[in-house]
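Since the structure comes first, as structure tokens, the remarks are kept for the end.
We count residues from 1, following the sequence as given.
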Amino acid sequence: MRANPLDIAKQFNLTGDIQGVSPLGQGLINDTFLVSTSPDPRTSVVLQRINANVFPNPLAIIQNIQTLNKHLTQRRNAHVKPVTLCFPTLYQTMSGAHFALDANGDYWRAISYIPDTYNIEALSDITQAHAIGAALAEFHTMLQDIEISSLHTTLPGFHIAPSYLAQYDQLLALNKNLPPLNEWMDCADAVQRGRHHCDVLERAKQSGELRLRPIHGDPKLDNFLFDRKSQKVISLIDLDTLQPGLIHYDIGDCIRSSCNSISESSQHIEDVQFNIDLCRSLLQGYYDAASAMIEIPDIKYFYDAIRLIPWELGLRFLADHLAGDLYFKVKQRGANLHRARVQFKLVEEIERQRADILDVTDQLCLLKKGSIARA
Ligand code: GN1
Ligand code: MG
């Protein structure tokens with residue numbers, strides 16, 4: 001039986017009295033709850049059961065968050081350019097641990113709730129797109145001087161597209177309890193079309209053209225928090241997959257979730273469109289805030305990342321549907337197949353607008369060359 005979140009919340013040393021516990025957010029992996037407190041609701045806490053089917057070592061997540069917070073404190077003390085983003089901090093249990101363990105062996109953590117913020121389902125204009133790009137860039141730049149070896153890999157194989165493809169191929173080869181092919185033929189075709197260039201980023205990593213940096217791993221639009229008063233982006237939450245990776249995984253993930261005209265689980269696949277204006281502005285925002293950190297080869301692979309990450313997510317949703325929905329939460333059978341279709345349709349739209357996206361990245365390359373020449 002699942003542990004009661006209220007019982008778990010009581011194990012943490014919280015500020016104020018617990019008023020209630022309610023489900024929070026739309027995450028597909030962990031179980032997330034808001035623990036509201038009195039007398040000050042601003043001290044409310046986010047309580048999460050870390051999904052042990054997904055994360056093999058929940059302690060690694062907690063240690064990476066501690067490394068991030070330590071790094072931010074060091075930066076503050078050294079008076080390095082102030083970071084505008086803020087991040088949730090970890091609460092301790094009454095016995096001083098950073099997590100609680102329930103009777104099933106599941107890990108729970110409590111983190112501060114960032115009050116007076118909201119997240120959005122869709123970008124409303126290019127100004128918001130620019131702000132999202134700049135926030136992602138700030139996240140990358142503020143972490144770039146963390147020693148990469150001091151971060152654990154919390155989710156091995158995450159965003160390694162050829163590995164997802166190998167798992168899918170294996171699933172098909174085993175051919176155990178697969179739904180009839182005619183139900184998912186369109187998705188099988190989409191996998192086929194992307195198969196030959198799915199190793200593009202991994203090859204660039206192996207050749208040394210792209211390098212590992214600390215990344216977020218899951219910067220989808222709903223993980224950005226806006227401040228109610230200033231309307232500015234003030235946080236990027238969900239730090240489970242903060243780990244070494246390519247910034248391209250983040251850029252691809254941020255763009256696929258921000259520039260799609262419909263949401264990831266929408267039923268209206270025919271309405272999927274890739275908004276090039278939002279993409280241009282998001283990339284410009286990213287460049288403006290990260291130009292000192294990124295190099296020309298980084299920019300050259302932006303288009304590949306923008307096409308690859310939705311294809312990879314489509315493949316992950318499809319494989320999970322075929323395996324029986326073991327990874328991503330679903331409310332009903334078929335939801336993961338549907339999500340896969342949305343991503344594959346988005347890939348088609350991105351490919352259709354390839355030339356326009358390349359125009360944007362060419363412009364950024366020119367800006368970068370100009371700044372190198374001036375230096
Ligand atoms: C999962 O944790 P959550 O629900 O924000 C997934 C991401 C996917 C996303 C799609 C660890 O993110 O990779 O892009 O669903 N996270 C993990 O909504 O697999
Ligand atoms: Mg996540």
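- In this structure, the separation between CG on Asn64 and CG on Asn69 is 11.0 Å, given to the nearest 0.5 Å.
- Sorted by first and then second residue, the pairs that involve residues 211-221 and meet side chain to side chain donor-acceptor pair (under 3.5 Å), not counting sequence neighbours, are Arg213-Asp298.
- Side-chain contact annotation: Thr67 with Ser150, donor-acceptor N/O pair under 3.5 Å absent.
- Side-chain atoms of Ile215 and Leu246, non-hydrogen and from C-beta on, never get closer than 4.5 Å to each other.
- Within 6.0 Å of atom CZ in Arg333, more than 12 heavy atoms from other residues, nucleotides or ligands are found, so the atom counts as buried in its surroundings.
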* Please report the C-alpha distance between Ser235 and Phe224 in whole Å, then the side-chain angles of each, then the deciding distance to 0.1 Å, and finally whether the side chain to side chain contact (heavy atoms under 4.5 Å, CB included) criterion is met. => CA-CA 6 Å; Ser235 186; Phe224 290 85; over 6 Å; no
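- Judged by distance alone, with hydrogens and angles left aside, the side-chain atoms of Asp238 form no donor-acceptor pair with the main-chain N or O of Asn223 at under 3.5 Å.
- Ion pairing between Glu209 and Arg203 fails under the 4.0 Å rule for side-chain N and carboxylate O.
- Closest approach of Asn51 and Asn30 over heavy atoms only: N-OD1, 2.8 Å.
- Hydrophobic clustering places Leu282 together with Leu358 (ILVMFWY residues linked when any side-chain heavy atoms are closer than 4.5 Å, directly or through intermediates).
- Note that SG of Cys259 and CD of Glu349 are 13.0 Å apart. Values are rounded to the nearest 0.5 Å.
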* How far apart are the C-alpha atoms of Asp320 and Arg339, what are their side-chain angles, what is the distance that settles it, and do they pass the salt bridge (charged side-chain N to carboxylate O under 4.0 Å, His left out) test? -> CA-CA 11 Å; Asp320 196 34; Arg339 289 171 180 152; over 6 Å; no
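- Shortest non-hydrogen contact noted between Leu171 and Ala319 is CD2-O, 3.5 Å.
- A salt bridge between Asp240 and Arg109 is present, with a side-chain N of the basic residue lying under 4.0 Å from a carboxylate O of the acidic one.
- With no hydrogens or angles considered, no side-chain donor-acceptor pair links Ser265 and Ser263 at under 3.5 Å.
- The nearest pair of heavy atoms linking Leu278 to Asn275 is N-OD1, 3.0 Å.
- A distance of 11.0 Å separates CG of Asn336 from NE2 of His338, quoted to the nearest 0.5 Å.
- Put simply, the side chain of His152 does not reach to within 4.5 Å of the side chain of Asn57, judged on heavy atoms.
- Lys205 has a carboxylate O that lies under 4.0 Å from a charged side-chain N of Glu202, or vice versa, which qualifies the two as a salt bridge.
- Judged as a salt bridge (Lys or Arg N to Asp or Glu O under 4.0 Å), the pairs with a partner in residues 94-106 (not counting sequence neighbours) are, in order, Arg49-Asp106.
- Between Arg195 and Asp169 there is a salt bridge, since at least one side-chain N of the basic residue sits less than 4.0 Å from a carboxylate O of the acidic one.
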Donor-acceptor pairs are to be reported for all side-chain atoms of residues 17-28 against protein atoms at under 3.5 Å, with residues two or more places apart or in another chain.
{"from": "Gln19", "atom 1": "NE2", "to": "Ser38", "atom 2": "OG", "distance (Å)": "3.0"}

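- Partners of Tyr301 by ring-ring contact (aromatic ring centres under 6.0 Å, His included), not counting sequence neighbours: none found.
- Hydrophobic clustering (side-chain heavy atoms under 4.5 Å, transitive across Ile, Leu, Val, Met, Phe, Trp, Tyr) keeps Ile237 apart from Trp108.
- In this structure, Ile126 and Ser281 approach most closely via the heavy-atom pair O-OG, 2.8 Å.
- A donor-acceptor contact closer than 3.5 angstrom is absent between the side chains of Asp40 and Thr43.
- Closest approach of Ile61 to Leu239, counting heavy atoms only: CG2-O, 4.4 Å.
- Tyr91 places none of its side-chain heavy atoms less than 4.5 Å from the side chain of Ile111.
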If you look only at distance, which donor and acceptor atoms sit under 3.5 Å apart when one is on a side chain in residues 175-183 and the other is two or more places apart or in another chain?
none

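- Identified under the side chain to side chain donor-acceptor pair (under 3.5 Å) test for residues 360-375, with sequence neighbours left out: none.
- Listed by chain and number, the residues in a ring-ring contact (aromatic ring centres under 6.0 Å, His included) with His140 are Tyr286 (sequence neighbours excluded).
- For Phe99, the ring-ring contact (aromatic ring centres under 6.0 Å, His included) test picks out Tyr107, with sequence neighbours left out.
- Screening residues 154-167 for side chain to side chain donor-acceptor pair (under 3.5 Å) gives Thr154-Gln243, His159-Glu312 as the qualifying pairs, with residues at least two apart or on separate chains.
- Within 6.0 Å of CD in Glu270 there are more than 12 heavy atoms belonging to other residues, nucleotides or ligands.
- Between Arg193 and Glu348 there is a salt bridge, with a side-chain nitrogen of the basic residue lying less than 4.0 Å from a carboxylate oxygen of the acidic one.
- Think of Met94 as one node in a network of Ile, Leu, Val, Met, Phe, Trp and Tyr side chains linked at under 4.5 Å; it has no links at all.
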* Determine, step by step, whether Ile114 and Ile234 satisfy the side chain to side chain contact (heavy atoms under 4.5 Å, CB included) criterion, reporting the C-alpha distance in whole Å, the side-chain angles of both residues, the deciding distance to 0.1 Å, and the verdict. => CA-CA 9 Å; Ile114 304 178; Ile234 60 158; 4.1 Å; yes
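- The hydrophobic clustering, which links ILVMFWY residues whose side-chain heavy atoms are closer than 4.5 Å, places Leu221 and Ile262 together.
- Under the side chain to side chain donor-acceptor pair (under 3.5 Å) criterion, the residue pairs touching residues 114-132 are Arg42-Asp116, Tyr118-Gln231, Ser124-Gln128, His130-Asp288, with sequence neighbours excluded.
- Note on Tyr168: it clusters hydrophobically with Leu201, by side-chain heavy-atom contacts below 4.5 Å among ILVMFWY residues.
- Other residues, nucleotides and ligands place no more than 12 heavy atoms under 6.0 Å from the NZ atom of Lys232.
- Nearest heavy atom pair, residue Tyr327 against residue Arg316, reads OH-NH2, 3.5 Å.
- Residue pairs satisfying the salt bridge (Lys or Arg N to Asp or Glu O under 4.0 Å) criterion with at least one member in residues 71-86, sequence neighbours excluded, are absent.
- A continuous path of hydrophobic side-chain contacts links Leu346 to Ile357 [ILVMFWY only; heavy atoms under 4.5 Å].
- Taken to the nearest 0.5 Å, the CG atom of Asp304 stands 12.0 Å off from the NZ atom of Lys300.
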